[in-house]
Every structure is written in C-alpha cells, then in structure tokens.
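What follows is one structure encoded as structure tokens, with my remarks underneath.
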Amino acid sequence: MNVNRPPVNRSFGKQDRVVKQRDFDRVHQGKWFAADRWLVVKGSENELGIPRLGLSISKRVGNAVVRNRWKRAIREAFRNGRGDIPAGWDFVVRPRKGARLNGLEIARSLTNLSRRLVRQHQRSSARSGS
RNA sequence: CAGGUCGAUUGGAUGUCCGCUGGUCACUUCGGUGACGAGAGGAAAGUCCGGGCUCCACAGAACAGGAUGGUCGGUAACGCCGACCGGUCGAAAGAUCAGGGCAAGUGCAACAGAAAGUAAACCGCCAAAAUCCGACUCGUCGGAAUGGUAAGGGUGAAACGGUGAGGUAAGAGCUCACCGGCGAUUGGGGUGACCCGAUCGGCCAUGUAAACCCCAUCCGGAGCAAGGUCAAACAGGGAGCAGUCGUUGUUCGCGGCAUGAUGACUUCCGGGUAGGCUGCUGGAGAUGACGAGCAAUUGUCAUCCUAGAUAAAUGGACAUCGAGUGGUUUUCGAAUCACUCACAGAACCCGGCUUAUAGAUCGACCUGAAUG
RNA sequence: GCGGGUGUAGCUCAGUGGCUAGAGCGUCACGUUGCCAACGUGAAUGUCGAGGGUUCGAAUCCCUUCACCCGCU
C-alpha cells in the first residue's frame, strides 16, 4: 500500500501517546469530535507539533482479549497512517458500539475522522476570528 | 473389531517486511541511536481456599464468632492430594458421598390421616369375663351399652422389626425358632477407620444437625493500591532570635535610644500531595538420572535461567505448509476453488479447587464377539 | 488488583422450609359518561438469574456459576 511513497516515520513510542490524566481531561472537555460507523474520535490541540494517540476502550466492548485486539488495531492504524494525520493534536479514540473489528476500515476511518475534526476546528476559528 | 470406563499430553509450523516493552554491550550533542539476544497460559480467568512476603496490634489463657468433619499418610499449609474403610449406584472396569453425634438436651414434621412418637380405635375383627334387655325348647341364642384388639383396610415422604409356629373370644414379642438390627462383655486380625466371630440382654430404638446445638481440630487484622524511599508547586507546622522593616508596651507628655511582645521577608528542620524510583522477579524454581514409598510425595547429584508492562508491551501485512467444512473434476491415488482455525491475555510470588475450551495424540482397564 | 452488595409480575418492592408465591402502580375487558379523566367490578401476567445438592418437601438452607451495582488510587 505504502510501497511507492517516500519513507515515513512509522515508529510509535511513548512520546506518541496520550498518557497523563490531565491530557485526557483536556481532550474530553474540548468540544471537537467526529464519528462514523466504526470509531468515535475526540481531539484537542497540543503544543508539541506531533499527533498523539490515546485509547479509551470500555469493558462493554468485550473481554480482555477483544479489548486488546481493538487497541492494537487502532494503534496500528495510527502508526501506518501518521503521514495523513494532522500534527499538533491529541486524539482520543474509542470504538463505536456494535462495530466489528476490521483493520483496513479502521485505518481509513481514523485518518478521515482526524482530518475532518481539524477542518471543523479551522472553519470555526476562522469564522470567530472574522 | 465393537461398545464402555479412567487418566495423561498437546493446543498450529516456517519465512520476509514494518512496529512495541525490558536486558547486555558499544556510541552519544545525555534527547537518544545501533548491534545481539529475550518476551503470555493450561487455565494467565473466577477470586473459592491455603501459604510466603510486608505493615499494624500483641503478657498469658478463656469466651464470642467463623471454618472443617470416616481412618492413616503427604505437605510450608489447606476446605487440596494419595491409599485404605464403610454406604449408595452399575453386569463389570469404575463412579459418587458436608461420611462425627438425634441412645446429651431443645425444636420441627404442612396437607391427608384414628394416630406423627411415654402413642392412638375411623372402618374392620371379637363378645371369653363382668352389666342390662328380649326370645323361648330354661341354658342357650340374638341385641345393647361397654369393653378387648394394632393381624387386615385406608392416609401419608414416613405408621413403632420380618417369616413361620404356638397361643386366643379375637388378637398382640404374649411365648418360641430362624433372620435383620441395637446394647453390654469378650476372642482373633489390622497403626487405624473397620472386618471375622462368641456369650448375654431387652424384644426393637421414626426422620431431620446444608434445624438450634454437642464433641474434636484449626483460625490476631489488613493487604504490593502492603511497605520503603527521593521529592516540584501551593498552603500550613516547628526551631532560631542573627539581620532588615512595620505595629505596640515600658519613664508625666513629645522625640530619640534601649529593651520586651508580635507580624512579614530571609535561614534551618520535620511531615507530606502530584510525580519518580524501589518492592519486582532466582523461586516451597525447571529438566534429567539414581534411590525410598502401593501412591500422593520425597532424598541426593548433575545441568539450566525461563516475561516484568504501568492509559498498561508480547502485534500487523503477505507467502508457503498443516487441520477441518462445503463445492467442482476424478484415472478413486488425488487435484483444484472458497471459507474457517477453540477457550482465552501475566500485573508481588507460589500450592490447590472451580469454571471455559475447536481439534489432535497416547496409555491402562472392563464387557461382548472371533481366532489361537 | 482488592473489598462489599443485589437478582421475585411490565415497574417499585414484600415474602417464618409447607395451600395455586403476594401488595401497590401499570395493562386489558366491562360498567358509569354525550366524550375523556376519576371511580366501581372482573381478568391476564412469574423458568423466584442459571445449574447441582440437603430434605418427604426449597424463592427460603448449602455449593458452584452468570449478570449488574457500589467502594478503595
């Protein structure tokens, strides 16, 4: 899929994750979110210049094995799609109720939702600025 | 070969690319980078028991409360395991049992039934003895009241041993024989639960302790979010009285100086939040050999090191093989296409129990058939 | 990770081992009314979360299991 593209940073270390309770609170208190059939994404700006990912998988999703599969799938989608995801934002992602696990769909959904969310923010701030 | 019983093991394999978390080594601009090697389970689960470890409490003992419950053994310990004993089920291999005590005391046993525990008379059976009435062939018959009777019927989950004989008005352990069960004494075997007997006794004792209770044995409380340690910011505590500033008391008043009290800043100390580090993985450890033991288990020796995350790593994509299901072709050997690959994810560590689990493999035993 | 609690009619709850498991609200039907509400009469409704065990008999006692809720950083 990414064979013909220039090499992108596909690592996913601790600095690329939302870790602190404070950061999660900031994202949840912000008003920016987007959703489709698969995922719900909430976002908030950070000052780091890179995108960060946080996961919120509740016990209702399934047992520990199912929850871990979701986390890995979303992380993998984030890692492989970093070139297409807007920088300078924290995203908290959770699976939508009733969604089935499918890696390709999740990857497409994650990039689309993150870009839509940032677009919304830009439109809104442009409107309030003018 | 068919049917069955019990137990054990395993739980996809290989390769390429891209990632994640520790470890060791090297480099480093101290942010990291590179190389090498490691990285989920039999249940990691439920949290139902038992321990280690840590902190708290504590003179000892008893009570209360809780748990366990055949015997002997194993173990660090257990509610676990092994062997054996007994009851029940099965033709057998085997399975299963909270398996101490209702003959210490108290309670409960609905409905039905006469009666649910020192018995009791609804139907039935009887009228010998004692009472009354009637009949007549005058000492028998019939009846009443009353009484006797637990053999039979019926009720119930359960009705006060069973069979036979004697006995009687009818009956009854009322008496006797045998059988079952109980108690006392006693012989033999076994460490013991218990087993095999002998003598005597009263004729017989309901069920329920996962009802209260009694007996025996065991148990201090909390848990790694324990505990230890380093320690921002804000607020506050203590010490010091050294320095600066402010307020105020001390001489009749004012001002200055001195001195006492107090507040702020500065100095030092302790507690301690966010957060970090530690506890944190080498242990009742794994494998093998030899020995003890029926076994559970255990002794000695040798070899090995095998996860340590913390918004929480152990993954994703592709290819080949393997297994299963379905379709097509078929020279019945197979070929080919599609789909699927159990239950489930460490969180301080062990020993058990319980529950979930696609498929594959192995062993022991029982019954039946055939052959020898 | 640790500790504690609750499951009974559609909903909220009672229920001493023993009759067909009850109450209130709700639902349905009929009556009343010109119509509705209220009222009256009657009716339907349960795997007592699930599976075993003890007992003659279990919603109740015991064991296992499932789901949900609460607390501890």
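Each chain gets a letter, A, B and so on, in the order its sequence line appears, and its residues count up from 1. In this text, all values refer to a predicted model and were calculated from it rather than measured experimentally. FYI, side chains are in, hydrogens and waters are out, and symmetry mates aren't considered; it's all heavy atoms of this structure.
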To the nearest angstrom, how far is [X] atom [atom1] from [N] atom [atom2]?
X: D23(A); N: rG275(B); atom1: CG; atom2: C1'; result: 14 Å
X: N68(A); N: rU21(B); atom1: CG; atom2: P; result: 16 Å
X: E76(A); N: rC318(B); atom1: CD; atom2: P; result: 12 Å
X: R67(A); N: rA346(B); atom1: CZ; atom2: C1'; result: 14 Å
X: R72(A); N: rU21(B); atom1: CZ; atom2: P; result: 14 Å
X: F78(A); N: rG316(B); atom1: CZ; atom2: P; result: 19 Å
X: R69(A); N: rA344(B); atom1: CZ; atom2: P; result: 10 Å
X: R79(A); N: rC17(B); atom1: CZ; atom2: C1'; result: 11 Å

Is the aromatic ring centre of F12(A) closer than 5.5 Å to the centre of the six-membered base ring of rG19(B), with the two planes inclined by less than 30°?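 No; centroid distance or tilt outside limits.
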[atom1] gap between [N] and [M], integer Å:
N: rG351(B); M: rA45(B); atom1: P; answer: 13 Å
N: rA210(B); M: rG52(C); atom1: P; answer: 22 Å
N: rU6(C); M: rC218(B); atom1: C1'; answer: 33 Å
N: rG73(B); M: rU191(B); atom1: P; answer: 12 Å
N: rC203(B); M: rA177(B); atom1: P; answer: 14 Å
N: rA313(B); M: rC27(B); atom1: C1'; answer: 26 Å

OP1 or OP2 of [N] less than 4.0 angstrom from a side-chain nitrogen or oxygen of [X], does that happen here?
X: R17(A); N: rA312(B); answer: yes
X: R75(A); N: rA313(B); answer: yes
X: K14(A); N: rA313(B); answer: no

Sugar-phosphate only, base, or nothing, as touched by V19(A) at under 4.0 Å among non-hydrogen atoms: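 Touches a base.
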Can you confirm whether more than 12 heavy atoms, excluding those of R82(A), are under 6.0 Å from its CZ atom?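 Enclosed: over 12 neighbouring heavy atoms sit under 6.0 Å from CZ of R82(A).
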SB check R52(A) D90(A) (cutoff 4.0 Å):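 Here R52(A) pairs with D90(A) in a salt bridge, since their nearest N and O are under 4.0 Å apart.
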Measure from the side chain of F24(A), starting at C-beta and using heavy atoms only, and say which of rU314(B), rG19(B), rA311(B) lies closest.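 Within the option list, the nearest is rA311(B).
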If pairing requires Watson-Crick or G-U wobble contacts with both distances under 3.5 Å, which nucleotide is the partner of rG154(B)?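 Paired with rG154(B), as far as the under-3.5 Å criterion goes, is no nucleotide at all.
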Nucleotide forming a Watson-Crick or wobble pair with rA23(C), both distances under 3.5 Å: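 rU12(C) - that is the nucleotide pairing with rA23(C), both distances being under 3.5 Å.
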Step by step, would you call D25(A) with K20(A) a side-chain contact (heavy atoms from CB on, under 4.5 Å)? CA-CA 9 Å; D25(A) 289 345; K20(A) 306 262 187 196; over 6 Å; no
State whether the side chain of R96(A) and the backbone N or O of D36(A) hold a donor-acceptor pair below 3.5 Å, judged by distance alone.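 Yes, because the side chain of R96(A) sits within donor-acceptor range (under 3.5 Å) of the backbone of D36(A).
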Within 90° of 0 counts as syn, otherwise anti: where does rU16(C) fall?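 Because its glycosidic torsion lies within 90° of 0, rU16(C) adopts the syn conformation.
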Give me syn or anti for rG42(B), where syn covers glycosidic angles within 90 degrees of 0.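 Glycosidic conformation of rG42(B): syn.
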RNA chain B contacts made by residues 51-64 of chain A, counting heavy atoms under 4.0 Å: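 Those residues whose heavy atoms fall under 4.0 Å from RNA chain B, taken from residues 51-64 of chain A in numerical order, are L55(A), N63(A), A64(A).
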